[in-house]
Protein chains: 2
Amino acid sequence: MEEEKKETPNQAAAEEEEDQIVNPWEVAAKDGGKIDYDKLIDKFGCQRLDQTLIGRVHRLTGRPPHVFLRRGVFFAHRDFNEILDAYEKGKKFYLYTGRGPSSEALHLGHLVPFMFTKYLQDVFRVPLVIQLTDDEKCMWKNLTVEESQRLARENAKDIIACGFDITRTFIFSDFDYVGGAFYKNMVKVAKCVTLNKVQGIFGFSGEDHIGKISFPPVQAVPSFPSSFPHLFSGKDDLRCLIPCAIDQDPYFRMTRDVAPRIGYHKPSLIESTFFPALQGETGKMSASDPNSAIYVTDSAKVIKSKINKYAFSGGQDSVEKHRQLGANLEVDISIKYLNFFLEDDTELEHIKTEYAAGRMLTGEVKGRLGVVLSEIVERHRAARASVTDEVVDAFMAARPLPNMFD
Amino acid sequence: MEEEKKETPNQAAAEEEEDQIVNPWEVAAKDGGKIDYDKLIDKFGCQRLDQTLIGRVHRLTGRPPHVFLRRGVFFAHRDFNEILDAYEKGKKFYLYTGRGPSSEALHLGHLVPFMFTKYLQDVFRVPLVIQLTDDEKCMWKNLTVEESQRLARENAKDIIACGFDITRTFIFSDFDYVGGAFYKNMVKVAKCVTLNKVQGIFGFSGEDHIGKISFPPVQAVPSFPSSFPHLFSGKDDLRCLIPCAIDQDPYFRMTRDVAPRIGYHKPSLIESTFFPALQGETGKMSASDPNSAIYVTDSAKVIKSKINKYAFSGGQDSVEKHRQLGANLEVDISIKYLNFFLEDDTELEHIKTEYAAGRMLTGEVKGRLGVVLSEIVERHRAARASVTDEVVDAFMAARPLPNMFD
């Protein structure tokens, strides 16, 4: 088991002087450059997800690893090996992921953890809890309770449209579900975390409201099976695996620190890079700029236009120069996006080779990307249209999940 | 309406250098002297409960004011006049009080707010909510969740034994009841209170755990009718009156500050002095010293013995001197206790006159006190014996209260 990094009250302040900032509310690379994920792994104290581990997933599930695993989108972890050790011995686990419902429409980056979580649910055949932190967004974004709850339900439809199995999936909003065993675990966690500690981890200041300081236990406790008595009664020993983007790591560093002190397993994590903005790989996309991302509500025409206008190109200034020098794939956003969403490894390799050599032009690559993304978005839109309010209610009902471990 | 006192982050620190400390966790007079209640009213910014107001209660209810009103036990208030203004116009209100369940047995001081609340419920014929802060005690006293819940139920039996009307009374424990509309109000309150603010009001430091910092909204929100949808649905305009000891004032100063910002009435308060320890009037009783208080579980023999051994006497050292100088009533604990619990005004005046003149000896006053307290404790014990687990369940069921406002 890795060494957990210790926080100090001044770490958050120190962080601002550092080269990059990654926390649940801010992701910024140094001087508009790229996020240095190696440095992040080192700083957070998590582990790189290596080929041995990916090979193990392949062998244990009997299914080819997801494209997000093969291509390093999910690139870091904490104790994922322990989940696999237990699984190998016939012990199942459960998945926990979530979303802060702050916007009406999701963009492709929002879908990444859910697409990957669906894959994990399918290949490991395990139950899943999805937390919608409407309380968090109400507090951070200054939304009303009602508006946060409405957005949570809207977002639930997009999440369900990713294809989760209703017999293994429980979706809940904090405003609906906080209470009972869940609240008891919140209190148990809160007792173990000092103000200094959360200020060190999250950088809260005296000017922040106490809602922010109260929130980390809310995101922590779905890591413990006893928070869900209707699902896991008598299964306190069940392990939890959390797929998420690496900016959520601070919450679970805190959770892992507390878990053994209150008699629970530390949750394991499998963590992704950020999905880049169309304009370039300098961090996460900006919710305030709709042209920085492809939304699941965008039409094929809008998608094509956004890619053509905004997707940062690694190609050369003129066709002549491009034919001569080729494209710089390291900064080309179309290639980055195809790396996420073009499933065919052979075709992707072909495009990268031809584009790097200057035989393929930016326009051609963008054209292919437009088709790939339009298909995904169209498939998502069709799936979402079939998610009625009744379906949402069914996923969000606090109920036993009959096929949980079969 | 009074001016609310503004808190500064350093107020708590400054307070320690002041003459007396009064907050929900510590009550200490200056240099072992008496609490200066006039100073407290001035510092907290509440108002003295004067004869005009007591006369108004008499007139509006058609019943003689409770002994705790007549004798200055409940001595301070915030906007109690507004409650009476509205009541005079035919608008009812609801009562809210509570207890932190940290001990098995209650002492007489614990009963004071409940005896007074029962009087208020009877004469105004209004509904009442009683909060058992088992979450608070779990966090502050480091009790387990289970032990806090057990103590909450035990304490509920003592509270019910005070004679509350089951058709108008809802008792709840936080571990049971936090969630839903209650949790939504907690989030609304937490959004309005900065860390600096709670540090100023309650003196929390960086070494304190975040459970403490998260708790004030839990005690705040029963002040708002929308926290109880099964009771007050559609009655958001209903006013709340909180009878409590004055050490709880900081919670409600915070609550009153927040209330108008989230669209609610400020709760009104009616606040009591502290019940003195047998050893002398220097603060509240110490839970760690069973000989500092009379418990509702003490036998008549134990009560008599505790009074004789420990009740601080204002009498003189020798009978001769006593006959000559008389007793100092200001420091005599038996007189203080009789002031709380001997209902007959004429008899009390007689005892005070005779004792002050030296015609009555300490032993005689203590003897009378022993009889008065034994009767109260015996009556309480008999009442408590009739409170079964089913009765507790009935009081604690989240249900409508049919006779709420008749």
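Keep in mind that this is a model prediction, so the values were computed, not measured.
- The only member of B:Lys43, B:Arg78, B:Arg256 that meets salt bridge (charged side-chain N to carboxylate O under 4.0 Å, His left out) when paired with B:Asp249 is B:Arg78.
- Neither the backbone nor the side chain of B:Asp134 comes within less than 4.5 Å of any heavy atom in chain A.
- Only the backbone of B:Ser205 comes within contact range of chain A, with at least one heavy atom under 4.5 Å from a heavy atom of that chain.
- Using a 30° and 60° split on the angle between ring planes, A:Tyr177 and A:Phe172 fall in the tilted class, from 30° to 60°.
- B:Lys212 does not touch chain A: none of its heavy atoms, backbone or side chain, sits under 4.5 Å away.
- Closest of all the heavy-atom pairs between A:Pro216 and A:Tyr251 is CA-CE2, 3.9 Å.
- Between B:Phe170 and B:Phe228, the ring-plane angle classifies as perpendicular under the 30° and 60° cut-offs.
- A distance of 6.0 Å separates CZ of B:Phe215 from CG of B:Asp174, quoted to the nearest 0.5 Å.
- Contacts of A:Val178 with chain B are made by both backbone and side-chain atoms, with heavy-atom separations under 4.5 Å.
- Most heavy-atom pairs under 4.5 Å with chain B, from the set A:Val198, A:Asn142, A:Thr194, A:Val145: that is A:Thr194.
- Interface summary for chain B: among A:Cys192, A:Ser214, A:Ser148, the most heavy-atom pairs under 4.5 angstrom belong to A:Ser214.
- Contacts of A:Val193 with chain B are made by both backbone and side-chain atoms, with heavy-atom separations under 4.5 Å.
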Please determine whether side-chain hydrogen bond (donor to acceptor under 3.5 Å, both in side chains) holds for the pair B:Tyr264 and B:Ser226, giving the CA-CA distance in whole Å, both sets of side-chain angles, and the decisive distance to 0.1 Å.
CA-CA 9 Å; B:Tyr264 296 131; B:Ser226 65; 2.8 Å; yes

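- For B:Asp208, the part lying near chain A is the backbone, with the side chain staying farther off; criterion is any non-hydrogen pair under 4.5 Å.
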